[in-house]
Amino acid sequence: MKDFKQEIASIISKVTNIDEHELVTYIEVPKDSNMGDYAFPCFRFAKELKKAPNIIAEEIKEKIDITGTNIEKVDILGGYLNFTISKLELVKVTLEEIDNKKDDYGKSSLGNGKTIIVEYSSPNIAKPFHIGHLRTTLIGRALYNIYKYLGYNTIGINHLGDYGTQFGKMIEGYKRWGKEYNIEENPIEELTKIYVRINALCKEDEDVLEVCRDNFKKLEEGDKYCKELWEKFREVSLKEFYRIYDLLDIKFDSLNGEAFYQDKTDEVIDILEKTGKLVESEGARIIDLEERKMPPCIVCKSNGSTIYATRDLAAILYRARTYNFDKCLYVVAYEQNLHFKQVFEVAKLLGISEKCQKGLEHISYGMVHLKEGKMSTREGNVIKVEDLLKESISRVKDIIEKKNPDFTKEEKQDIAKKVGIGAVIFNDLSGARIKDEIFDWDTMLNFTGETGPYIQYTYVRTNSILKKTQEIPKIEEVDFTKLLNEAEISILKLIYSFTNVIEQASIKNEPSIIAKYLIDLSKVFSSFYNENKIIVEDEALQNARIYLTYATNLVLKNGAKLLGINMPEKM
RNA sequence: GGGUCAGUAGCUCAGUUGGAUAGAGCACAGGCCUUCUAAGCCUGGGGUCGGGGGUUCGAAUCCCUCCUGGCUCACCA
């Protein structure tokens, strides 16, 4: 698609000595659209040229030739050179691109030939899937979708927490009290009770903790009893997790969790040994990272068994070999910042390519707190994702019952699910990743204002118009001059920038950029919708407005899909 | 204590990589349904951008320092 910013940069570049690519980064969008569509600030050159910014702007303006370009007007304001582009061209370029790409509008080939791994969700088995797991699951899925949309070969991995000392504990707890709990009926809840109980005992009695560690060691060594139990825990947990993944419509390309690397850690230790940097310390084997101003990375515990860092390293080695990734993103909460810094540092010793080394990136995000404080499985004050989703769906159902009692039962169910879950997803993805979140039912389940349902509602409005007119006019039947008012141009500018917004979201690994964009688009469309009738007598006007509605419909749907939000056809 | 992240309206948050008069939503006050869905639209009040220094044409944004809070700092993940 034609790039207006690029065009302006090219024109300025011709009359200055500044590189075109450099110029593009300087060009910005004015706050007030009355000032122009793009702005070139001249301040930064004032010192070098020893001239006032407005004089520089004046000189550039004199020299540039805009005849035959898409630039209509150049103004000087303050030290800015403000460019106004041809609105007709904007409308034409944007809608023709819509016609050209249709459902694929916004996709790009930016990532062609590149492979990116997104590791996300990664819950610990035998523990409840609570709202703390929601963020990694939703952010990760959104990033997965975003990269895929940009043409990357994308691999989504659920790095299950299915290994480690915690299972030594689980095994010990089960061995002691398993008969007292009804695991078949309510596996995770009952296993959690056992886990809480054994943890308490470990805290009291160091010897029990030692037994648990030993159990894990046995598990690693292939002990039959331990392995059978572990398999059982894993199976029942996955079954429960998939109830939630299905509700959220989450999919993975791989479920290779920690246990998968069980037989791959020896090689890691071997490689590290050969570097001569694996040293013994306090009985454990570590890589000293003092040079990098970090605490040491433990690779082998003093009892000889592995630790999560070892398995993460094995995973890096395996993934580098299997996928030869350009990037490997770890969507994990910021409490593990140090861990990943250490592991990425040690990964440099594994002999993997520089590309893979540099592609490792921890996508950290903020924690979820309750008003009362931190969530803790042990205290039993966790909010389970399933309960949250069910509550949301139920609240939406009540609203539908009031607003649209005539919908069929199936329709109500379908809409309640899409809107209820959409609200939760949007709420989670609408803020910057890094910020902590204080969980509150009424904030989470608010359906008015800047929320998921608002975007869905706007989509539904476009949808019902398109349904009413039956067909979308051909692009040849659209008179672009009918779409030159302020409201229409605001909508088209946003639609024009869709791909760019997705790219920004990928550069920053920040789905909230897309969430914000969808709110903006919904706002300008809602405003337009309120002021103008779309289905009108004047056929040419109607065709143009319908096409604009169609374009909005498409972008809202595709954008929401990237976030993992499904659109209801009506609501 | 060291490291690190955050602090913007009563609340929840944006702020296009240093640019023009700091913006939304919620809440509050008022207006708009005989019309393509009012989960909407329009209008209004609200600010020491945590405090103080500095860098420069220009700082919410960069540097220093202090305050407050989160996370983390050896065999949990």
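Reminder, nothing fancy here: chain letters follow the sequence lines and each chain counts from 1.
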Please report the distance separating the [atom1] of [N] from the corresponding atom of [M], rounded so that it comes out in whole Å.
{"N": "B:rG69", "M": "B:rG50", "atom1": "C1'", "value": "11 Å"}
{"N": "B:rA9", "M": "B:rG52", "atom1": "C1'", "value": "23 Å"}
{"N": "B:rG31", "M": "B:rC49", "atom1": "C1'", "value": "33 Å"}
{"N": "B:rC41", "M": "B:rC5", "atom1": "P", "value": "38 Å"}

Inset, instruction - State whether the distance check finds a donor on one side and an acceptor on the other, under 3.5 Å, for side chain A:T451 versus base B:rA39. - result: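 Such a pair does not exist between side chain and base.
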Name all residues meeting the ring pair (Phe, Tyr, Trp, His ring centres under 6.0 Å) criterion together with [X]; count only those two or more places apart in sequence or in a different chain, and write none if there are none.
{"X": "A:F129", "result": "A:H133, A:F241, A:Y245"}
{"X": "A:Y330", "result": "A:F340, A:F344"}
{"X": "A:H159", "result": "A:Y261"}

Inset, instruction - Quick one: stems involving RNA chain B, counted as three or more successive Watson-Crick or G-U pairs, both distances short of 3.5 Å. - result: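 Stems (3+ consecutive pairs) listed as B:1-7 with B:67-73, B:10-13 with B:23-26, B:28-32 with B:40-44, B:50-54 with B:62-66.
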Legend entry - Lys NZ or Arg CZ of A:K570 over A:F407 ring: under 6.0 Å, within 45°: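 Output yes; distance and angle both within limits.
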Inset, instruction - Please determine if A:K218 forms a cation-pi arrangement with A:F216, meaning its NZ or CZ atom is less than 6.0 Å from the six-membered ring centre and no more than 45° off the ring axis. - result: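 Not flagged: A:K218 not positioned over aromatic ring of A:F216.
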Inset, instruction - Pull out every residue in residues 413-426 of chain A that has a heavy atom closer than 4.0 Å to any atom of RNA chain B, ordered by number, or say none. - result: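 A:V419, in order of number.
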Legend entry - Length of the NZ-P vector between A:K203 and B:rC76, whole Å: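 These atoms are roughly 14 Å apart.
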Inset, instruction - Provide, to the nearest angstrom, the distance between the CD atom belonging to A:E172 and the C1' atom belonging to B:rC76. - result: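 Rounded to whole Å, this separation is 17 Å.
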Legend entry - Residues that A:K523 engages under salt bridge (Lys or Arg N to Asp or Glu O under 4.0 Å), provided they are two or more places apart: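 With sequence neighbours excluded, A:K523 shows a salt bridge (Lys or Arg N to Asp or Glu O under 4.0 Å) to A:E450, given in chain and number order.
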Legend entry - From B:rG40, B:rG7, B:rC57, nucleotide with atom closest to A:F43 side chain: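 Of all the options, the side chain of A:F43 is nearest to B:rC57.
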Legend entry - Closest listed nucleotide, where the reference is the side chain of A:I434 and the choices are B:rU37, B:rC73, B:rA6: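 Out of B:rU37, B:rC73, B:rA6, the nucleotide with an atom closest to A:I434's side chain is B:rA6.
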Inset, instruction - Describe the nucleic acid contact of A:A284 in one word from base, sugar-phosphate, nothing, applying a heavy-atom distance below 4.0 Å. - result: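 If one applies the 4.0 Å heavy-atom cut-off, A:A284 turns out to touch a base.
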Legend entry - Side-chain (A:N463) to main-chain (A:E569) donor-acceptor, under 3.5 angstrom: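 Yes.
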Inset, instruction - Can you label the angle between the A:F40 ring and the A:Y26 ring as parallel, tilted or perpendicular, going by 30° and 60°? - result: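 The arrangement is tilted - the two ring planes meet at 30° to 60°.
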Inset, instruction - Give a yes or no on whether a salt bridge exists between A:K493 and A:D37, defined as a side-chain N under 4.0 angstrom from a carboxylate O. - result: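 Answer for the salt bridge query: yes.
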